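Beneath this line is the structure, given in structure tokens, with notes to follow.
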Number of protein chains: 2
Amino acid sequence: MSGEERPPRERMVYSAAQLVRSRGVAATGVRDVVAYANAPRGSFQHYFPGGKDQLVGEALAWSADFAARRVASYGRQAGEPSPSGLFAHMARQWREELTARRYERGCPIMATASELAGGDSPVNEPLRTAAARWERAVVEELVRMGVPAERAGGLATVMISALEGAIMLARVCRDVGRLDTVVSELAPVLDSYAG
Amino acid sequence: MSGEERPPRERMVYSAAQLVRSRGVAATGVRDVVAYANAPRGSFQHYFPGGKDQLVGEALAWSADFAARRVASYGRQAGEPSPSGLFAHMARQWREELTARRYERGCPIMATASELAGGDSPVNEPLRTAAARWERAVVEELVRMGVPAERAGGLATVMISALEGAIMLARVCRDVGRLDTVVSELAPVLDSYAG
DNA sequence: TACCCTTTATGACAGGCGTCATGGAAGGCG
DNA sequence: CGCCTTCCATGACGCCTGTCATAAAGGGTA
């Protein structure tokens, strides 16, 4: 998009994120990432002395940052913000992504978790951090719109859980309608935080 | 447990399911499966001429069957069945599984979806069939307890989505509390199918 | 006994993986 | 000029992957 393209290191992190969330961690080779990023091969071991684990970890951090920004963007463009509105905002972005890219890419956190969360990989901590960052962004956005703090945590967990599951079902069934279903079904609970 | 152990073929399918849902598809080698199942190595290519894809496909079918049976078991042991009761039933089983096995194993459908649902793998169809089988089992259980048919589909989608996402978060954060949170937050919506 | 079909055994193949070692360009700076 | 740090290039290493080829047991049946 922009005239000058980003430096190789950044391109590799971004590329790793995209490849991981579309085929998973194990199926994403470092050579693939380098080629996808149009980066010099020798640069990989220079910028990522920690190897593949470091690359995946940074890809997760990048993704979490991206997700957090998306969440925070809701407050600035919503007239009358509400929990269900925020949830619909998040789901809509995924709906567009899935249809535009034909269900090619899913959530990098889910992909990494499925493969690594069960063991004791070094990527485990970046993974937990990424999930926490995303969750915290949702909580902060909820609190900002008036949801009591002790209620926001639970709502955020439900929103992220349902969204992740719906993304998965949408990809498996090749049907973005799952996202709409979850949004409309969940709207009542999300907005009844007063009761 | 039982005196006579199951035939090698069945053991391999079962083992494949367990390994896939703990480390993912790509990280699960056929040699691993054979060793884990205590099966003769030469038997793999005899029973699964379709190779790894066939094995993973059958592992998914087995898992879906297992999940469907678990769902159906609720109706037989619940005094006053309700949607939220069914959901709590499903979540409780996962809670026990995750704590007993220390978050080692997740959902095989999620694991396979994360790696393969984006492309055009032969495993894609078994994957979709497995998800549909599980979803259908939930729908049937809901209808059996009096939920209108046109409402059951949406509820089942929400339940499965939220459960899958909560499983993921629980594994990432090593905290089964996420499951309890989702159960208690979702209870109101699930039981308000009359309105 | 001989035969045949099912099941198991074993070794090899080509290819990909992550990582490492080594060496060369590029450019600021004394 | 020389030096040194940053960045890139290239080839190789050992390991593991899924698959195949080939052959040998096992166990009924005629």
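Quantities reported herein were computed from a predicted structural model and do not represent experimental measurements. By convention in this document, chain letters (A, B, ...) are assigned in the order of the sequence lines, proteins followed by strands, and residues within each chain are numbered from 1.
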Open item on the list: Among residues at least two apart in sequence or on other chains, which ones pass ring-ring contact (aromatic ring centres under 6.0 Å, His included) with B:W62?
Closed with: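 Residues passing ring-ring contact (aromatic ring centres under 6.0 Å, His included) with B:W62: B:Y14, B:F66.
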
When you compare the protein's N or O atoms with those of nucleotides 8-11 of chain C, which come within less than 3.5 Å of each other, and at what distance?
unit_1: C:dT8; atom_1: OP2; unit_2: B:S43; atom_2: OG; d: 2.4
unit_1: C:dT8; atom_1: O5'; unit_2: B:S43; atom_2: OG; d: 3.2
unit_1: C:dG11; atom_1: O6; unit_2: B:R41; atom_2: NH2; d: 2.4

TODO: First locate atom CG of A:L186, then atom CG of A:D191, and finally report the distance between them rounded to the nearest 0.5 Å.
DONE: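 Going from CG on A:L186 over to CG on A:D191, the span is 10.0 Å.
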
Under 3.5 Å, which donor-acceptor pairs do the side chains of residues 158-172 of chain A form with other protein atoms, sequence neighbours left out?
unit_1: A:S161; atom_1: OG; unit_2: A:T157; atom_2: O; d: 2.8
unit_1: A:S161; atom_1: OG; unit_2: B:A166; atom_2: N; d: 3.4
unit_1: A:R171; atom_1: NH1; unit_2: A:Y103; atom_2: O; d: 3.3
unit_1: A:R171; atom_1: NH1; unit_2: A:E104; atom_2: O; d: 2.8
unit_1: A:R171; atom_1: NH2; unit_2: B:A113; atom_2: O; d: 3.3
unit_1: A:R171; atom_1: NH2; unit_2: B:S114; atom_2: O; d: 3.4

Task: Pairs touching residues 76-96 of chain A that satisfy salt bridge (charged side-chain N to carboxylate O under 4.0 Å, His left out), sequence neighbours left out - done: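 Found A:R95-A:D180.
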
Open item on the list: Measuring only between side-chain heavy atoms, which start at C-beta, is A:E115 closer than 4.5 Å to A:T112?
Closed with: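 No - every pair of side-chain heavy atoms lies 4.5 Å or more apart.
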
Open item on the list: Would you say that A:F87 contacts A:L155 through its side chain, given a criterion of any heavy-atom pair below 4.5 Å between the two side chains?
Closed with: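 Not touching, per the 4.5 Å side-chain cut-off.
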
- [ ] Would you mind checking if B:R70 and B:E141 are paired as a salt bridge, meaning a charged N to carboxylate O distance below 4.0 Å?
- [x]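 A salt bridge is absent here (no side-chain N lies under 4.0 Å from a carboxylate O).
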
Open item on the list: If I take atom CZ in residue A:R23 and atom P in nucleotide C:dG16, what distance separates them, rounded to the nearest angstrom?
Closed with: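 For the pair A:R23 CZ and C:dG16 P, the rounded distance is 13 Å.
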
Open item on the list: With a strict under 4.0 Å distance from non-hydrogen atoms of chain B, what nucleotide opens and what nucleotide closes the contacted stretch of DNA chain D, reading 5' to 3'?
Closed with: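 With heavy atoms of chain B under 4.0 Å away, the range is D:dT17 to D:dA21.
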
TODO: Could you tell me whether A:D53 contacts a base, only the sugar-phosphate backbone, or nothing, with contacts defined as non-hydrogen atoms closer than 4.0 Å?
DONE: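 Contact class for A:D53: none.
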
Considering only distance and modelled atom types, tabulate donor-acceptor pairs under 3.5 Å from the side chains of residues 31-47 of chain B, sequence neighbours left out.
unit_1: B:D32; atom_1: OD2; unit_2: B:R23; atom_2: NH1; d: 3.2
unit_1: B:D32; atom_1: OD2; unit_2: B:G29; atom_2: N; d: 3.2
unit_1: B:Y36; atom_1: OH; unit_2: B:R105; atom_2: NH2; d: 3.0

